[in-house]
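Everything on this sheet refers to the single structure shown next.
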Amino acid sequence: MGVDVAIRFNVNGRERTATTDPERSLLEVLREDLGLLGTKYGCGEGQCGACSVLLEGKRVFSCRLPAERVEGKSVVTIEGLAQGDALHPVQQAFLDEGAFQCGFCTAGMIIAAVALLAEKPKPTDAQIVAGMNRNICRCCSYPKIIQAVRRADDRKGG
């Protein structure tokens with residue numbers, strides 16, 4: 001690890017500063033320094049999607065993203081999607097469809113779905129599958145996940 005630096009960025013609508021090694025992963029900073037535990041460590045290689053967050057509105061894998069790359073940028077984690085007591089439409093759709101079993105992948109799946117629906121309103125099933133492709137559910141809840149993405153898109157009027 002190198003010399004620690006102050007990295008300033010917006011997390012879930014709040015300006016934050018983390019003093020850390022700039023090469024340390026964003027996932028570690030979010031979980032260990034900022035106490036945002038919803039984003040999960042899965043594979044550590046950016047292959048399972050459990051660590052997905054939105055960076056400037058685009059899905060990224062926080063386990064492989066050096067913290068220095070978020071300087072001055074906006075990050076949204078699963079904790080930042082709800083508006084007060086109102087769940088984000090994707091969160092509500094996952095709940096309504098029971099699109100999870102163990103729940104470990106759910107935060108990353110929801111983040112991926114939010115990014116997908118922002119980019120492709122009214123996606124086809126093939127587009128949903130392709131958009132969610134980099135997220136792995138070991139419980140194999142994929143059919144319910146696809147239903148939840150469809151339901152969320154209907155809710156938001158996409």
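Being a predicted model, the structure only gives us computed values, none of them experimental.
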At their closest point, which heavy atom of [X] faces which heavy atom of [Y], and how far apart are they?
{"X": "Ile111", "Y": "Thr77", "result": "CD1-C, 3.9 Å"}
{"X": "Leu95", "Y": "Phe100", "result": "CA-CE2, 4.0 Å"}
{"X": "Arg8", "Y": "Glu71", "result": "N-OE1, 3.1 Å"}
{"X": "Ile7", "Y": "Pro22", "result": "CD1-CA, 4.1 Å"}
{"X": "Gly98", "Y": "Lys144", "result": "O-CD, 3.3 Å"}
{"X": "Thr19", "Y": "Asp4", "result": "CG2-CB, 4.0 Å"}

May I ask whether [X] and [Y] are part of the same hydrophobic cluster, defined by side-chain heavy atoms of I, L, V, M, F, W, Y residues being less than 4.5 angstrom apart, directly or through others?
{"X": "Leu54", "Y": "Val90", "answer": "yes"}
{"X": "Ile128", "Y": "Ile145", "answer": "yes"}
{"X": "Val70", "Y": "Leu36", "answer": "yes"}
{"X": "Tyr41", "Y": "Leu55", "answer": "no"}
{"X": "Ile110", "Y": "Phe104", "answer": "no"}

* Taking it one step at a time, do Leu34 and Arg14 satisfy side-chain contact (heavy atoms from CB on, under 4.5 Å)? -> CA-CA 12 Å; Leu34 303 181; Arg14 184 173 161 213; over 6 Å; no

* Asked: Does Arg150 reach the main-chain N or O of Asp125 with its side chain, forming a donor-acceptor pair under 3.5 Å?
  ->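 Flag not set: sc Arg150 to bb Asp125 has no pair under 3.5 Å.
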
How many angstroms lie between [atom1] in [X] and [atom2] in [Y], if you round to the nearest 0.5 Å?
{"X": "Leu26", "Y": "Leu65", "atom1": "CG", "atom2": "CG", "value": "5.5 Å"}
{"X": "Tyr142", "Y": "Cys105", "atom1": "OH", "atom2": "SG", "value": "7.0 Å"}
{"X": "Glu56", "Y": "Asn10", "atom1": "CD", "atom2": "CG", "value": "9.0 Å"}
{"X": "Glu68", "Y": "Glu23", "atom1": "CD", "atom2": "CD", "value": "4.5 Å"}
{"X": "Gln92", "Y": "Glu97", "atom1": "CD", "atom2": "CD", "value": "11.0 Å"}
{"X": "Leu87", "Y": "Leu81", "atom1": "CG", "atom2": "CG", "value": "9.5 Å"}

* Report the C-alpha separation of Lys122 and Asp154 in whole Å, then their side-chain angles, then the decisive distance to 0.1 Å, and conclude whether the side-chain contact (heavy atoms from CB on, under 4.5 Å) test is met. => CA-CA 8 Å; Lys122 289 290 179 212; Asp154 290 343; 3.0 Å; yes

* **For Val53, the option from Leu27, Val60, Val11 that meets side chain to side chain contact (heavy atoms under 4.5 Å, CB included)** =>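 Per the side chain to side chain contact (heavy atoms under 4.5 Å, CB included) rule, the option paired with Val53 is Val60, out of Leu27, Val60, Val11.
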
* Asked: Which of these passes side chain to side chain contact (heavy atoms under 4.5 Å, CB included) with Thr39: Ser52, Cys51, Cys63?
  ->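 For Thr39, the side chain to side chain contact (heavy atoms under 4.5 Å, CB included) check succeeds only for Cys51.
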
Side chains of [X] and [Y] in contact at under 4.5 Å (non-hydrogen atoms):
{"X": "Ile78", "Y": "Gln91", "value": "yes"}
{"X": "Asp153", "Y": "Pro123", "value": "yes"}
{"X": "Arg59", "Y": "Leu116", "value": "no"}

* **side-chain contact (heavy atoms from CB on, under 4.5 Å) between His88 and Phe94, worked out** => CA-CA 10 Å; His88 185 281; Phe94 267 67; over 6 Å; no

* Can you name the residues that form a side-chain contact (heavy atoms from CB on, under 4.5 Å) with Cys139, not counting sequence neighbours? ->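 Cys139: side-chain contact (heavy atoms from CB on, under 4.5 Å) contacts with Gln101, Cys102, Cys137, Ser141.
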
* Check side-chain contact (heavy atoms from CB on, under 4.5 Å) between Arg138 and all other residues, then give those that pass, not counting sequence neighbours. =>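 Counting only residues at least two positions away or on another chain, Arg138 forms a side-chain contact (heavy atoms from CB on, under 4.5 Å) with Ile136.
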
* Does the side-chain contact (heavy atoms from CB on, under 4.5 Å) test come out yes or no for Arg24 and Val29, once each step is laid out? -> CA-CA 7 Å; Arg24 192 165 162 230; Val29 170; 3.9 Å; yes

* Asked: When you check the gap from the basic side-chain N to the acidic O, do Arg16 and Asp33 get nearer than 4.0 Å?
  ->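 Asp33 and Arg16: not salt-bridged.
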
